[in-house]
Amino acid sequence: MDQDLKTELSKHGIFATSFEELYNWGRKNSVWPLTFGLACCAIEMIATTMARYDLARFGAEVFRPSPRQADLMIVSGTVTKKMAPQVVRLYNQMPEPKYVIAMGACAISGGPFRDGYNVLKGIDRFIPVDVHIPGCPPRPEALIHAFMALQDKISAQHLTGESRPRHLKQELPSEFPVPEFGEHGLEPAQNDEIFHNPLKVLQG
Amino acid sequence: MTLEEIRGRLQGDIPGCQAELVVNGSPSAQNSLLIDRQHGLEAARLLRDRLHLDFCSNVTAVDWPDQDKTEKIKTKQTVDGVEKEVEETRKTKIPGYLEVVYHLFSMTNKEGPVIVRMRTANRTDDVTLPSLTPVWRSAEFQEREAFDLYGVVFEGHPDLRRILMWEGFTDHPMRKDYVPPPDDDLEILRER
């Protein structure tokens with residue numbers, strides 16, 4: 001429907017919408033995160049949910065303690081190699097549609113611990129990340145901004161056509177392989193189907 | 001009780017026990033005692049029962065890799081009947097070892113820390129040390145950590161498994177010669 005016509009109609013008290021818009025509006029305002037924290041970023045995430053920053057304004061106040069009831073995984077903190085399989089397993093247990101925010105320097109790249117023997121160099125090596133937030137740790141405002149960016153992403157999703165999201169494409173996987181503990185590190189070290197090294201992409 | 005006194009007690013009461021004073025030259029001057037590993041357990045019992053060092057607060061390890069030491073030594077040699085002073089460079093290889101450090105306190109006498117060290121024979125095949133967990137229970141997890149990250153094998157430890165890294169991991173990441181698994185983007189950065 002034409003946007004001008006919609007505004008014209010709304011001036012006369014008639015509200016016109018499409019099923020897609022209504023559906024996405026409902027979805028984006030009830031994204032329930034998983035109660036799941038890994039390190040100091042989790043403290044910031046908790047602060048974001050409390051009265052001062054009040055994440056509840058965006059419909060995300062209900063942190064679900066079970067992945068089966070959650071829509072959003074906020075990877076808040078350092079993902080160690082020992083923890084990574086469990087993070088992927090939790091993600092696999094969440095029902096579609098599901099989203100991931102990688103919160104903080106550690107979750108997006110390994111952060112200050114990148115050269116450590118025990119730290120995964122970014123959770124996007126194993127699960128698809130929708131929003132990355134830099135910061136160490138990011139301020140609650142940054143998490144809220146990431147949340148709003150996710151809401152924009154959800155409301156822009158088309159339910160039909162080629163650009164429809166992953167959960168509406170039958171052929172695409174909703175579970176991702178869980179890495180195994182190897183003799184020297186995780187095996188495989190990354191999921192090549194979803195992880196595209198930015199430096200490699202730059203190289204061409 | 002000074003370290004010298006403790007050293008005297010150890011060598012006097014335990015036949016054959018070698019205790020050596022390791023001097024720390026820094027301003028903190030935290031000197032320590034190096035005890036030979038054959039008498040480590042006996043020495044620990046004596047420290048706890050006779051000298052009342054009843055609390056082991058910290059156990060950690062140090063990796064000392066093989067070192068090449070080059071020395072210049074002046075020697076007198078007779079060349080063609082004339083005595084000359086010849087400078088010679090002598091290379092000595094100091095074999096590496098693993099060292100375990102215990103920080104002991106006395107709750108009864110309110111003193112400490114007394115720092116005790118033990119060294120393995122090398123850092124490859126003979127890396128055993130006596131476990132002091134039977135003496136100080138608090139050493140259990142920290143000895144497991146030293147086993148995990150440095151590869152020191154504690155004989156007599158009740159439950160010697162890896163504690164931080166997973167079972168099946170074969171490296172000892174805190175050793176100086178540890179090489180982490182290759183990282184593809186670091187290689188790309190090096191190529192640039």
Side-chain angles (χ1 to χ4, degrees), chain A residues 38-39 77-90 102 105-126 129 132 134 177-204, chain B residues 58-66 96-101 120 123-125 127 140-154 157 159-192:
Chain A
L38 287 173
T78 321
V79 188
T80 58
K81 283 177 184 168
K82 211 173 174 182
M83 191 65 187
Q86 276 68 262
V87 177
V88 180
R89 197 165 281 134
L90 278 174
C106 296
I108 66 179
S109 73
F113 313 113
R114 190 183 169 85
D115 291 335
Y117 57 88
N118 58 337
V119 172
L120 184 69
K121 297 174 173 67
I123 192 61
D124 53 357
R125 282 170 189 249
F126 290 114
V129 174
H132 295 79
V178 179
E180 304 227 340
F181 294 137
E183 287 189 356
H184 306 286
L186 289 176
E187 282 171 12
Q190 70 258 331
N191 182 352
D192 288 319
E193 280 173 27
I194 56 161
F195 178 67
H196 304 291
N197 198 315
L199 285 169
K200 234 174 210 171
V201 175
L202 267 180
Q203 255 192 346
Chain B
N58 185 42
V59 182
T60 189
V62 190
D63 178 23
W64 297 97
D66 298 338
Y97 48 83
L98 300 166
E99 189 177 67
V100 174
V101 187
T120 63
R123 50 200 294 288
T124 46
D125 55 339
V127 286
E140 183 183 345
F141 273 24
Q142 300 189 68
E143 283 185 349
R144 276 177 67 186
E145 189 188 354
F147 165 71
D148 187 355
L149 303 183
Y150 291 90
V152 184
V153 177
F154 291 95
H157 192 285
D159 182 28
L160 195 64
R161 290 176 292 134
R162 284 183 180 269
I163 191 168
L164 293 171
M165 305 308 285
W166 53 84
E167 242 176 86
F169 191 75
T170 51
D171 301 334
H172 301 294
M174 289 299 277
R175 285 204 188 182
K176 302 274 187 204
D177 52 2
Y178 170 72
V179 183
D183 185 13
D184 50 352
D185 48 305
L186 275 184
E187 273 164 35
I188 295 166
L189 279 177
R190 265 188 218 113
E191 282 169 26
R192 290 192 137 193

J.: So how far is it from D148(B) CG to Q142(B) CD, rounded to the nearest 0.5 Å?
T.: 13.5 Å

J.: Walk me through it: do V79(A) and F126(A) pass the test side chain to side chain contact (heavy atoms under 4.5 Å, CB included)?
T.: CA-CA 11 Å; V79(A) 188; F126(A) 290 114; over 6 Å; no

J.: Near E180(A) CD, under 6.0 Å, is it more than 12 heavy atoms from other residues, nucleotides or ligands?
T.: no

J.: Under 4.5 Å, heavy atom to heavy atom: which of residues 172-179 of chain B reach chain A? Give them by number, or say none.
T.: P173(B), M174(B), Y178(B)

J.: Test your reading of the model: is there a side-chain donor-acceptor pair from T120(B) to the backbone of R123(B), 3.5 Å cut-off?
T.: no

J.: Which value, rounded to the nearest 0.5 Å, describes the distance between S109(A) atom OG and L120(A) atom CG?
T.: 10.5 Å

J.: So, does R89(A) use its side chain to make a donor-acceptor pair with the main chain of V178(A) at under 3.5 Å?
T.: no

J.: First locate atom OG1 of T78(A), then atom CZ of F113(A), and finally report the distance between them rounded to the nearest 0.5 Å.
T.: 5.0 Å

J.: To the nearest 0.5 angstrom, please state how far the NZ atom of K81(A) sits from the OH atom of Y117(A).
T.: 10.5 Å

J.: Tell me the residues of residues 161-171 of chain B whose non-hydrogen atoms fall below 4.5 Å from those of chain A, in number order.
T.: I163(B), L164(B), M165(B), W166(B), G168(B), F169(B), T170(B), D171(B)

J.: Does R144(B) count as lying over the ring of F147(B), i.e. NZ or CZ under 6.0 Å from the six-ring centre, within 45 degrees of the axis?
T.: no

